[in-house]
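Small disclaimer: the values here were computed from a predicted structure and weren't measured. Numbers here simply count residues along the sequence, with the first being 1. All ligand and atom numbering here is 1-based and tracks the order in the structure.
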Amino acid sequence: MSSTHDMPFKQLVETLDRLERISARTQMTVILVNLFKQTPPEIIDKVIYLMQGKLGPDWKDIPNFGVSEKFLVKAISLSYKKPEREVLELYKKLGDLGLVAEKLASESGASQAAGLMSWIGGGGKKELTVNEVYNTLYRVALAQGEGSRDIKIRLVSGLLSDADPLEARYIVRIIEGRLRLGVGDATVLDALAIAFGEGVKDRPIVERAYNLRADLGHIAKICASKGVKVLSDVKPEVGIPIRPMLAERLSDPVEILNKIGGEGLVEYKYDGERGQIHKKGNEIYIYSRRLENITRMYPDVKEMALKYIKAEEAIVEGEIVAVDPETMELRPFQELMRRKRKHDIHIAMKEVPVAVFLFDTMYVNGEDLTVKPLPERRSRLESIIEQTPEWSIATYIKTGDPDEFMKFFMKAVSEGAEGVMAKAIHQDSIYRAGARGWLWIKFKRDYKSEMIDTVDLVAVGGFYGRGRRGGKIGTLLMAAYDPETDTFKTVCKVGSGFTDEDLDKMYSLFEPYIIPHKHPRVDSIIKPDLWFVPAKVAEIIGAELTLSPLHTCCWNRVRTGAGISIRFPRFIRWRDDKSPEDATTTQELLEMYMRQLKKIEEAK
Ligand code: ATP
C-alpha cells in the first residue's frame, strides 16, 4: 500500500503511457509538471530515474540488469503460467516483450476476475508502489555471480505477478532497456522549474544546480522538498560530477586572442582523457568527459590524487595522458585507448603509464570556485597540489601576442600535444559548468597525416633518463645533415623504441663521442645534458612531420621562427653502415614535409 512517502506505481505508468503517445516537448512538460506535483518529494528521484528507464544517474555505476531476452521470456512464462513456446510466439507477433507481458497479464487478470484464481487460492494481488518496484529492480540489478539468475527470475516474476497489464508492460521495458519515451534532461528541468518554482523564469536556477551536480533525481528532490529558490545556493558536492565546461573552436590566433579579451592563458591541449577528480578524505572518484565513473580504470591516478592533493576535500580537473615513464614524453591517444581495452588493469597500468596535467579546480574545502575567475582558480589549484612529473599543472604561457601564441602552439604539437587551449583570464572568466562558450577556445592541428618513410638521423646529444633509466642516457637529440653548410641541424628528441639492452649499452656506445660543448658542426637551440660528436646514425619513424620552434632543421624555410620536426619519433635501429654525412638531409625533410602538406590539401 502506498504511504505518504510513496505512490502507486500505477500512477507513474499511466503517465508513461500518456507520454508515449505524444512527441511535442511542450505537451510532455505539462504532463511531467502534473506528475511531479502529485509525487511525494521523498520518491521524486525514483520517479525520474524510472521514467528515464534507469535506477540512477549513469555515473553511479549501478550494474545493468544483466538479463537477456531469453531470461525475460522465461520470467514472463513463469509469471503467467504459460509455456515459453507460447510466449515466444506471441513475441514474434507483437515484436515487443512489454506488450507480450501486458497481454498475458490482462488475460490472467480476466481469469482472476472470473474467480478461478481466487477459488484455487492464487488471487490477492497487491498494489505495487513506486518504492517497491524501484527497490525490487535495484535488487535485480545488484544480484551478481553464482545463483544470481535464480534470484533475478524470482524477483522479476514476483513483480510481474503483482503487476496489472500496463504496469507489466513498463516493468518489462525498463528491464529490457527499451523504455525510450524521449523525456530528455532538458524537459525534466523545464518541468521542475514550473512545478516547484515560478515557471520558466526559474529554469536557469534549476539548470545551474544540475550543471554543478549532474544528478536529476537529486536536484528534483531538493526542489520538491525545499523549493526552487534553495537551488540558488547549491555548490558542487564531492562525489557528484560537475558537467564539464567546454571550449569553442577557432583557427586564427589573432581572432582567438581578441575573443578572450586580448590576453589570456594559452595551455597545451593534451590528447588523452579528461578526468574530473574528486577527493574527500581517503575517497577518490574520477569522472570522464561524459560523466562516467572511470575510477576503476585508473588506480594509478587515484593513488596520485590521494598523495598529491593536499586539501581534505577538492574537485580538480585535468587530462590523463599516456606517457613514456622514463622520459615523460607524451604518447599518442591510441596508447591510452590500448590501455582501456586491456582486461587486467594492473598489467595495462604497467604497460601504458599515464601522467595527469591539471588545468582547473572547481571546489576546495566547502568553497564553490566555479564562480571565481580563472586566475583565482589556478592559484588555488597550485596551492592545494604537490607537483611531480606525473602530476603537474598543464604547460602554459600568459600572452596577448599572436606570434608568441603560434610559437607555443608549434612547440606543443612537436612535443605530442594536440594543439593549445586559449583561456580568458578577465574578471568574468568563471567556470561555466555544462556550457560551451568563448571563455575557452581550442586551436588544434586541422590535419592528420602519416609519416610513411623512415629517416636516418645523427645523434648529436643525449639526456639522462629517470626511473628505470635513472643515470643512463634515455633520450637522444637527433639531427639531419645540411650539405650546403656542412652542419647537422636538429629534428627531434627520441626516447621511444629502445629496448632495455639498447639503454644499458647507450652510455658505453656514446662514451667515445662525448665532448664538453656543442660540436662546431651542430646547429641546435636545445641544450642536452651531454654533447656528442656527430657520429652515430639511427633510423627513426614518427607519426608525422610538424613545425617546431625548438628545432633548427629547415629553419625559416616553411615558416618564420620555426623548423621541421618529427612528432612521436621512435628509434628503429642503428645504421652503422651509414656515416653522418649519409644521413637524411634537411632538403629531403623539406620535400617530405611539402609532400605531406600536398597530401593533406588533396584530402580536403
Ligand atoms: P568537446 O569536448 O569540446 O566537445 P571534443 O570531445 O572533440 O570536443 P576536443 O575538441 O578534443 O574534444 O577538446 C576538448 C577537450 O580537450 C577537453 O574536453 C579536454 O578533455 C581536453 N583538454 C586537453 N588539454 C586541455 C586543457 N589544457 N584545458 C582544457 N581541456 C583540455
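Close contacts of ligand 1 with L246, meaning ligand atoms under 4.0 Å from a residue heavy atom, involve 2 (O). Atom numbering of ligand 1 starts at 1 in the shown order; those under 4.0 Å from a heavy atom of E267 are 26 (C), 27 (N), 28 (N). Ligand 1 places these atoms under 4.0 Å from at least one heavy atom of Y268: 24 (N), 26 (C), 27 (N).
Under 4.0 angstrom from ligand 1, there are no non-hydrogen atoms of F357. Using a 4.0 Å cut-off between heavy atoms, R249 makes no contact with ligand 1 at all.
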Practice prompt. Dump the intermediate steps for side-chain hydrogen bond (donor to acceptor under 3.5 Å, both in side chains) on N293 and Y287, then the final yes or no.
Written response: CA-CA 5 Å; N293 187 338; Y287 301 106; 4.8 Å; no
Item to complete: Mind running side-chain hydrogen bond (donor to acceptor under 3.5 Å, both in side chains) on E390 and Y308 for me, showing each step along the way?
Response: CA-CA 10 Å; E390 301 79 8; Y308 303 131; 5.1 Å; no
Worksheet item: Hey, mind stepping through F357 and Y268 against ring-ring contact (aromatic ring centres under 6.0 Å, His included) and telling me if it holds?
Response: CA-CA 9 Å; F357 297 96; Y268 276 21; 8.2 Å; no
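Within the structure, the closest approach of K444 to ligand 1 falls below 4.0 Å when heavy atoms are considered. For the ligand labelled ligand 1, residue R436 lies inside the 4.0 Å heavy-atom shell.
Among protein heavy atoms, the minimum distance from atom 18 (O) of ligand 1 is reached at R274 NH1, 2.9 Å. Protein heavy atom closest to atom 20 (O) of ligand 1, with residue, atom name and distance, is E319 OE1, 2.6 Å. Atom 24 (N) of ligand 1 has its closest protein heavy atom at Y270 N, 3.1 Å. Atom 28 (N) of ligand 1 has its closest protein heavy atom at K423 NZ, 2.8 Å. Residue, atom and distance of the protein heavy atom nearest to atom 6 (O) of ligand 1 are R289 NE, 4.0 Å. If you check which protein heavy atom lies closest to atom 5 (P) of ligand 1, you get K442 NZ, 4.1 Å. K269 NZ, 3.2 Å is the protein heavy atom nearest to atom 16 (O) of ligand 1. With respect to atom 31 (C) of ligand 1, the closest heavy atom belonging to the protein is F359 CE2, 3.7 Å.
L589 and A480 make their closest contact through CD1-CB, 3.5 Å (heavy atoms, listed as atom of the first residue, atom of the second, distance). For K279 against I309, the heavy-atom pair with the smallest separation is NZ-O, 3.2 Å.
A perpendicular orientation is assigned to the rings of F359 and W440, their planes being inclined by more than 60° (bins at 30° and 60°).
Using modelled atom types and a 3.5 Å distance limit, the side chains of S414 and S548 yield a donor-acceptor pair. Inspection of the R432 and T370 side chains reveals no N or O donor paired with an N or O acceptor under 3.5 Å.
Here F408 and Y396 keep their ring centres 6.0 angstrom or further from each other.
For K493 and F463, the positive end sits near the middle of the six-membered ring, less than 6.0 Å away and at most 45° from its axis.
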